[in-house]
Amino acid sequence: MALIVHKYGGTSVGSPERIQNVAEKVIQFRERGDDVVVVVSAMSGETNRLIALASQLQDKPDPREMDVLISTGEQVTIALLCMALKQRGQDARSYTGTQVHIRTDSAHGKARILEIDEAKMRADLQLGRVVVVAGFQGADEEGNITTLGRGGSDTTAVALAAALKADECQIYTDVDGVYTTDPRVVPEARKLDRITFEEMLELASLGSKVLQIRSVEFAGKYNVPLRVLSSFEEYSDSAGTLITYEEDGMEDALISGIAFNRDEAKLTIAGVPDQPGVAARILGPVGDANIEVDMIVQNISPDGSTTDFTFTVHRNDYTKTLELLSGIAYELGAREVNGDEKIVKISLVGVGMRSHAGIASTMFKTLASEGINIRMISTSEIKVSVVVDEKYLELAVRALHAAFGLEQKP
Ligand code: ADP
Ligand code: ASP
Ligand code: MG
């Protein structure tokens, strides 16, 4: 007998039929003798619908009220799933985040979980009930409802699994595991049986939305066995992709995957006098405005006295950053400010890169042979990222996937 946390995403609970399918799956585990805690997302499209509603009523929706609004989607699903379970004779109880004391900080829209009181859930499990918890939400110390950022139900599931010391956290979604890249973009993408926490963290932070990055951080920190699998396929003990610590004998791949991120925009401030402190004078006000900067490149102009400074931010922050930069450019006596929203960041990720040279040059050659211009580059021990024009996304990812032979087992 084991204690398992299941999480079902939006597509998996997108209709009454699909919720029935989830109920059947949960009951299969109860029949094996397992205790089950289920975390669900809102029905697919619901969170987007709520966000669109808000924007019709306030230009910049109030963060507190926004969380009250967008947390409602999950409350619908928990109740419906409990009804489906009861209809099948399985006792179940639904709870909102507040009701199981998922306490977070007060950062509306991107709150972090600080504490969970698992006593109530344990009492229900003791009575043979299935516990169904709303994902994506919690409450701060004052009882204000908070949400955990898009895709946050993954993090709720892992946090509950950590608090309950569950035997496994199973993330059920609309693909049957973690692939070498998004299978919607590259149909030849290959499912991975295992991937290390480190690689999964990197993929998630570079744009692979199959798991929210915080859920992977949590699982690594609290050593929660984590598996991604399909809600539409029969369960087997070896199904899906296991996220684990690095072990001897694991697939010795150079590259484990390709991630991409369409959510960034690029800005350049050109012809800035090349003096100490320039970077701080540009990025200081950007940071003060709570805008996160990702890639940064600084170039010396041909005459050596000025510099061009380019960086990327989230697309949602593009207009605000452009406005800020115009002010900074005037103060610094820079020549001009320009920006581009239609860019995408593509990254190769693999722990095998540590011991192999030449990955970056193969990447650049592959893109060159497709006539794709690289706008920015950044590297770390286990990844290489490039920024290219958005229109090349599919072409670039497919070409790189083929160039590194990712469709074949290493
Ligand atoms: P859910 O609603 O279940 O949380 P998501 O849409 O958040 O599902 O995540 C699943 C989606 O992630 C898949 O449909 C797939 O298109 C996308 N995805 C992106 N990168 C990958 C990858 N490397 N492996 C698998 N799926 C990926
Ligand atoms: N419903 C939320 C979202 O769409 C949380 C989640 O699905 O994980 O982002
Ligand atoms: Mg998701």
Side-chain angles (χ1 to χ4, degrees), residues 6-14 18 21-22 38-52 66-67 69-78 97 109-111 133-138 146-160 169-195 199-216 227-232 240-241 243 255-263 344 346-350 393-394 397 400-401 406-407:
H6 285 193
K7 179 261 171 176
Y8 294 90
T11 320
S12 308
V13 293
R18 291 201 166 156
N21 169 56
V22 168
V38 187
V39 173
V40 284
S41 293
M43 295 168 81
S44 59
E46 179 62 6
T47 310
N48 287 343
R49 188 184 74 86
L50 295 166
I51 292 171
M66 192 67 173
D67 277 353
L69 176 71
I70 63 175
S71 61
T72 59
E74 273 71 11
Q75 190 167 337
V76 172
T77 334
I78 53 171
K110 52 177 176 191
V133 180
F136 180 54
Q137 55 177 263
T146 54
T147 63
L148 310 178
R150 297 308 303 267
S153 299
D154 297 335
T155 303
T156 305
V158 176
L160 288 181
C169 181
Q170 301 178 343
I171 307 285
Y172 287 91
T173 181
D174 55 4
V175 277
D176 62 349
V178 178
Y179 278 69
T180 47
T181 194
D182 190 339
R184 284 179 213 262
V185 170
V186 182
E188 297 79 29
R190 182 171 55 87
K191 184 175 83 76
L192 302 164
D193 295 331
R194 285 163 172 258
I195 184 168
E199 288 170 315
M200 193 62 237
L201 258 185
E202 203 74 36
L203 284 175
S205 74
L206 293 167
S208 294
K209 289 180 181 157
V210 59
L211 284 176
Q212 197 200 32
I213 178 163
R214 282 193 190 154
S215 71
V216 189
R227 190 187 290 275
V228 175
L229 59 182
S230 166
S231 64
F232 305 122
T241 302
I243 292 113
I255 309 291
S256 55
I258 304 177
F260 49 84
N261 186 345
R262 305 178 218 242
D263 295 339
V344 61
I346 300 174
S347 310
L348 295 180
V349 173
L393 169 66
E394 277 86 6
V397 176
L400 291 170
H401 200 272
L406 295 186
E407 67 287 351

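Basis for what follows: all heavy atoms, side chains included, without hydrogens, waters or symmetry-related copies. Keep in mind that what you see is a predicted model, and the values were worked out from it rather than measured. Note that ligands are numbered from 1 as they come in the structure, with each ligand's atoms numbered from 1 the same way.
- Proximity of Phe136 to Ile70: side-chain heavy atoms (C-beta onward) are separated by under 4.5 Å at one or more points.
- Side chains of Leu400 and Thr181 form no contact here, defined as non-hydrogen atoms less than 4.5 Å apart.
- The closest approach between any non-hydrogen atom of Lys7 and ligand 1 is below 4.0 Å.
- From the protein, the heavy atom lying nearest to atom 7 (O) of ligand 2 is Ser41 OG, 3.1 Å.
- Heavy atoms of Val228 found under 4.0 angstrom from ligand 1: none, in either backbone or side chain.
- Taken from CG in Asp154 to OG in Ser41, the straight-line distance is 7.0 Å, to the nearest 0.5 Å.
- For ligand 1, the atoms closer than 4.0 angstrom to any heavy atom of Val178 are 24 (N).
- For the pair Ile243 and Leu211, the minimum side-chain heavy-atom distance is below 4.5 Å.
- Residue contact check: Glu74 has heavy atoms under 4.0 Å from atoms 1 (N), 2 (C), 5 (C) of ligand 2.
- Proximity of Gly135 to ligand 2 is not established, as no heavy-atom distance is less than 4.0 Å.
- By the 4.5 Å heavy-atom criterion applied to side chains, Thr180 and Leu192 are counted as neighbours.
- Residue Gly73 places every heavy atom at 4.0 Å or more from ligand 2.
- Annotation: atom 13 (C) of ligand 1 to nearest protein heavy atom, Asp174 OD1, 3.5 Å.
- The pair Arg150-Asp263 does not meet the salt-bridge criterion, since no charged nitrogen lies less than 4.0 angstrom from a carboxylate oxygen.
- Taking a 4.0 Å cut-off on heavy atoms, Gly10 registers as neighbouring ligand 1.
- For Gly177, the closest heavy-atom approach to ligand 1 falls below 4.0 Å.
- With contacts defined as side-chain heavy-atom distances shorter than 4.5 Å, the pair Tyr8/Thr77 does not qualify.
- No part of Met200 comes within 4.0 Å of ligand 1, judged by heavy-atom distances.
- The protein non-hydrogen atom at the shortest distance from atom 21 (C) of ligand 1 is Asp182 CA, 3.7 Å.
- Counting heavy atoms from C-beta outward, Leu50 and Met66 have side chains that stay 4.5 Å or more apart.
- Ion pair Arg184/Asp174 flagged as a salt bridge, since at least one NZ, NE, NH1 or NH2 atom sits closer than 4.0 Å to an Asp/Glu carboxylate oxygen.
- Considering backbone and side-chain N/O atoms, Lys7 never comes within less than 3.5 Å of an N/O atom of ligand 2.
- The heavy atom nearest to atom 9 (O) of ligand 1, considering only Gln212, Lys209, Lys191, is found in Lys209.
- Asp67 and Thr146 share no side-chain donor-acceptor pair at under 3.5 Å.
- Atoms of ligand 1 lying under 4.0 Å from any heavy atom of Tyr179, numbered from 1 in the order shown and given with element: 22 (C), 23 (N), 24 (N), 25 (C).
- Contact between Pro183 and ligand 1 is present, with at least one heavy atom of the residue lying under 4.0 Å from the ligand.
- Proximity of Arg184 to ligand 1, defined as any heavy-atom pair under 4.0 Å, is confined to the side chain (atoms from C-beta onward).
- Distance check, rounded to the nearest 0.5 Å: CG of Leu229 to NZ of Lys191 gives 9.0 Å.
- Of the candidates Leu203, Val210, Thr11, it is Val210 that places a heavy atom closest to atom 27 (C) of ligand 1.
- Here the protein heavy atom with the shortest distance to atom 3 (O) of ligand 1 is Thr173 OG1, 2.7 Å.
- Residues Phe260 and Val185 form a side-chain contact, since some pair of their non-hydrogen atoms from C-beta on lies under 4.5 Å apart.
- In terms of protein heavy-atom proximity, atom 3 (C) of ligand 2 is nearest to Arg150 NE, 3.4 Å.
- Among the atoms of Gly151, some N or O lies under 3.5 angstrom from an N or O of ligand 2.
- Residues Thr11 and Arg18 meet the side-chain proximity criterion, which asks for heavy atoms closer than 4.5 Å.
- Taking a distance limit of 4.0 Å, we find that atom 16 (O) of ligand 1 is approached by some protein heavy atom.
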